[in-house]
Peer 1: 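Pasting in a structure now, in structure tokens, and then I'll have a few things to ask.
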Number of protein chains: 2
Amino acid sequence: MNTKIKIKDIADELNISSTTVSFVINGKAKEKNISKAVAQKVLDLVAEWGYQPNSLAKSLRTGKSKIIGFLVDDISEPFFSRIARLIDEKASEHGYKILFSSTRNNNEKAKELLQIFRDRHVDGYVIALPEGLESEIEKLINTQVPVVLFDRYVPGIETDYVVTNNDESVFEATQHLVNNGYRNIGFITIETEQQQMLDRLAGFKRVIEANNLKNNVLKIDYQNSENSIKQMKKFFEINQNLDAVIFAANYICMDGLRTFKQLNINPLNNIAIVSFDDFELLEFYNPPITAIAQPVEQIAENIMKILLSKLNGQLQISEHKQVVLPALLNVRSSTLKRV
Amino acid sequence: MNTKIKIKDIADELNISSTTVSFVINGKAKEKNISKAVAQKVLDLVAEWGYQPNSLAKSLRTGKSKIIGFLVDDISEPFFSRIARLIDEKASEHGYKILFSSTRNNNEKAKELLQIFRDRHVDGYVIALPEGLESEIEKLINTQVPVVLFDRYVPGIETDYVVTNNDESVFEATQHLVNNGYRNIGFITIETEQQQMLDRLAGFKRVIEANNLKNNVLKIDYQNSENSIKQMKKFFEINQNLDAVIFAANYICMDGLRTFKQLNINPLNNIAIVSFDDFELLEFYNPPITAIAQPVEQIAENIMKILLSKLNGQLQISEHKQVVLPALLNVRSSTLKRV
DNA sequence: CTGAAAGCGCTTACAG
DNA sequence: CTGAAAGCGCTTACAG
């Protein structure tokens, strides 16, 4: 194996200085008036020896790590892992790599992670912000490092974010239920201050109020799946006459379907279903379930567009871009017109 | 904001040398005979000022980055993202972070990534090896850096790996079908040399041969979902009399279910199904689908146990651990006894 | 018990 | 057109 070659080796071999080699390697030959002949010699030797700069040394010197920190609740949630993949693709194209970690609903851990990322001189951040970390994130932003939030924004914090139009998309979905004849619609969310969840609820309420319908909302005190199912069971027992239900997130929907199974409620005949976040299960369920699909590709694209333009200086750190993207309502037979 | 504090600042403030501060911070106070009083002063100031070492400088000096490279086909595949989450948890406990990237079936990209990881002085690797990268991986292993393969091993390469017992688990699943009265079983896999896929096929064949059954195997030339469905349609049309089918992987099963839908085959009545890899969809499908569940937690645990013991020197780099874990057959109604 | 100094491998302001 | 030298912030062998 090639015992790590360094700039000095190249310089010595060619009887020139490290400075010149460094300039050539970094494409500054022209700018620095290096003669074509010398530049070519360097390039040739670099190719021949397969020289690769030590990025650690480079980072220490320049203060740039070419690493982006990606922080989410749980990387194994489909929505997040899909974003992760797309972000990584874009980042790789520009020489950045992704360092990720899951906060797993643990704020202490999240704070630590932020600190660790900072120590590692991460150049930029992509974060789905856990509740309660608002002030930490403000501190981070104040250090003049680019931070793009996604999935949820935080009212009152001036920063870049890319989110789905939660309010509007749930409004549409609820309206779709009303149009199809449903009148007693339940909305199942979690007890939280997370903005995206509040927005989804708001969209629901707008329709309910406009149509003078009953406001059947369950806010689950979410601990785990089991506990969540227990609360849903109670809710469905009390509200026997629901003719439709909207689940405000992927994992809530999963628990909802489990609840139906346990209660022997057959969505096919008894109740219409809409879920926020589309995933394969919904397409294959019997009946196939109507879902609000977040525009994952567009979300990832926008995140990276903002982040990269800040990273390469095209966009001022202090100038904040806020992108709200429309979702798609995939109508399936779980919400057929009521007869 | 605290304009980054460094060791020198602490040393100056306390009128001692950077050496002493460094020793104390790295817990070598005793070993280096630093007086308790001095050590305490340092610790106090570190706490007060919230000093955090610059990990870049540390890495450059020590040659250790405290970063683990995680390389898979696609981080958004549920199996991989779940492993990612678990690995990250374990790694974090030991001060390591995960740098990931998806190779997306692109060997050139995979080679590049390996190179990039090397430049970044990744301390260790967790890899689901793409086909055709065998020699690259051997080179990597020869650089004496710990590499743990998972999901698939490569016969002939001496390295650490953690895999599921693919052969045995498919053998069991196939036997289960035979026991329940199925006699014309199809096996759908992809055209590949990937060892885990070959092993799954081998497990199937063992049962087929032992019972003198017909060997109905489809090896899909996998390009994309659409193309894959086309090939399955043809297969099912030719083999009208199949009474059961085993899908050799998650994504193949998804395409299989789509094919059934398009062909109007109702698995409920017409055909038994088994899928490799268990995921929520299978549990909720109608009928619920029998699945071979890989022991994800155990896989992740074993990977990290091996990797960490090599990283901290408890295990020789040259000593290779190879772990084969049993899978669980989750029997559901898609494979009920034939009547 | 403690410190001065070298060095990890780069980049870049400065000098010529 | 090119180079000597300082410095990024650590760690550690060596000296006392």
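Values below: all heavy atoms of this structure, side chains included; hydrogens, waters and symmetry mates excluded. A note on names: the letters A, B, ... follow the listed sequences, proteins ahead of strands, and every chain is numbered from 1. This structure is a prediction, so every number in the text was calculated from the model and none was measured.
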Peer 1: Can you tell me which stems DNA chain D forms when a stem means 3 or more consecutive Watson-Crick or G-U pairs under 3.5 Å?
Peer 2: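 So far as stems of 3 or more pairs are concerned, DNA chain D shows C:1-3 with D:14-16, C:5-12 with D:5-12, C:14-16 with D:1-3.
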Peer 1: Using OP1 and OP2 only, check whether a side-chain N or O of B:Lys58 sits under 4.0 Å from D:dT11.
Peer 2: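 Yes, such a contact exists.
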Peer 1: Do any N or O atoms of the protein come closer than 3.5 Å to N or O atoms of nucleotides 12-16 of chain D, and which pairs are they?
Peer 2:
unit_1: D:dT12; atom_1: OP2; unit_2: B:Lys28; atom_2: NZ; d: 3.0
unit_1: D:dT12; atom_1: O4; unit_2: B:Thr19; atom_2: OG1; d: 3.3

Peer 1: Scan B:Leu113, B:Ile303, B:Leu133, B:Leu114 and name whichever one has a side-chain contact (heavy atoms from CB on, under 4.5 Å) with B:Ile127.
Peer 2: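 Going through B:Leu113, B:Ile303, B:Leu133, B:Leu114 one by one, the side-chain contact (heavy atoms from CB on, under 4.5 Å) with B:Ile127 is satisfied by B:Leu114 alone.
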Peer 1: Kindly list each side-chain donor-acceptor pair under 3.5 angstrom involving residues 20-28 of chain A, sequence neighbours excluded, with atom names and distances?
Peer 2:
unit_1: A:Thr20; atom_1: OG1; unit_2: A:Ser17; atom_2: OG; d: 3.2
unit_1: A:Ser22; atom_1: OG; unit_2: A:Asn26; atom_2: ND2; d: 3.4
unit_1: A:Asn26; atom_1: ND2; unit_2: A:Ser22; atom_2: O; d: 3.0

Peer 1: Could you check whether B:Ile16 gets within reach of a base, just the sugar-phosphate, or nothing at all, counting any heavy atom under 4.0 Å?
Peer 2: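 Sugar-phosphate: the residue B:Ile16, judged by heavy atoms under 4.0 Å, touches backbone atoms but no base.
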Peer 1: Just wondering, are more than 12 heavy atoms of other shown residues or ligands nearer than 6.0 Å to CZ in A:Arg152?
Peer 2: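 Enclosed.
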Peer 1: Just the rounded figure in Å: distance from P of D:dT2 to CD of A:Glu31.
Peer 2: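 Result: 15 Å.
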Peer 1: Within less than 4.0 Å of OP1 or OP2 of D:dG9, is there a side-chain N or O belonging to B:Tyr51?
Peer 2: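 Answer is no, no contact under 4.0 Å.
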Peer 1: Can you tell me the distance, in whole Å, between the CG atom of A:Leu56 and the C1' atom of D:dC8?
Peer 2: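 From A:Leu56 CG to D:dC8 C1': 12 Å.
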Peer 1: Would you find a donor on one side and an acceptor on the other, under 3.5 Å apart, between the side chain of A:Lys321 and the backbone of A:Val148?
Peer 2: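 No, A:Lys321 side chain to A:Val148 backbone: no donor-acceptor pair under 3.5 Å.
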Peer 1: Let me know the distance between NE2 of B:His121 and C1' of C:dC10, rounded to the nearest Å.
Peer 2: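 So the two atoms are 11 Å apart, to the nearest Å.
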Peer 1: Nearest whole angstrom, please: distance from the P of C:dG9 to the CZ of B:Arg120.
Peer 2: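 In whole Å, C:dG9 P and B:Arg120 CZ are 18 Å from each other.
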Peer 1: Contact class for A:Asn33 vs. all strands (heavy atom < 4.0 Å): base, sugar-phosphate, or nothing?
Peer 2: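 The answer is base, as A:Asn33 lies within the cut-off (heavy atoms under 4.0 Å) of a base atom.
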Peer 1: Take the protein atom CG of B:Asn54 and the nucleotide atom C1' of C:dC10, then report the distance between them rounded to whole Å.
Peer 2: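 Computing the B:Asn54:CG to C:dC10:C1' distance gives 14 Å.
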Peer 1: In terms of side-chain heavy atoms, does A:Glu138 have a donor or acceptor partner in A:Asn142 at a distance below 3.5 Å?
Peer 2: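 The criterion, which ignores hydrogens and geometry beyond distance, is not satisfied for A:Asn142 and A:Glu138.
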Peer 1: Would you please say whether a donor-acceptor pair under 3.5 Å links the side chains of A:Asp119 and A:Gln115?
Peer 2: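 Yes - a donor-acceptor pair under 3.5 Å links their side chains.
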Peer 1: Whole angstrom is fine here: how far is it from NZ in A:Lys8 over to P in D:dG3?
Peer 2: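 After rounding, the gap between these two atoms is 12 Å.
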Peer 1: Using atom NZ of A:Lys66 as one end and atom C1' of C:dT11 as the other, report the distance to the nearest whole Å.
Peer 2: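 It is 15 Å, rounded to the nearest whole Å.
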Peer 1: I'd like to know if the side chain of B:Gln298 pairs up with that of B:Asn302 as donor and acceptor (distance under 3.5 Å, no hydrogens or angles considered).
Peer 2: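 No, no side-chain donor-acceptor pair sits under 3.5 Å.
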Peer 1: Write down the distance between CD1 (B:Ile10) and C1' (D:dC10), rounded to a whole number of angstrom.
Peer 2: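 Checked: the CD1 to C1' distance equals 13 Å.
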Peer 1: Nearest nucleotide by nearest heavy atom, which residue falls closer to the 5' end of DNA chain C, B:Ser35 or B:Leu60?
Peer 2: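 Result: B:Ser35.
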Peer 1: Around atom CD of B:Gln316, are there more than 12 heavy atoms of other residues, nucleotides or ligands at under 6.0 Å?
Peer 2: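 No, because the 6.0 Å sphere around CD of B:Gln316 holds 12 heavy atoms or fewer from other groups.
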Peer 1: Does the side chain of B:Lys97 come under 3.5 Å of the side chain of B:Ser92 through a donor N or O and an acceptor N or O?
Peer 2: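 Result is yes, a qualifying pair exists.
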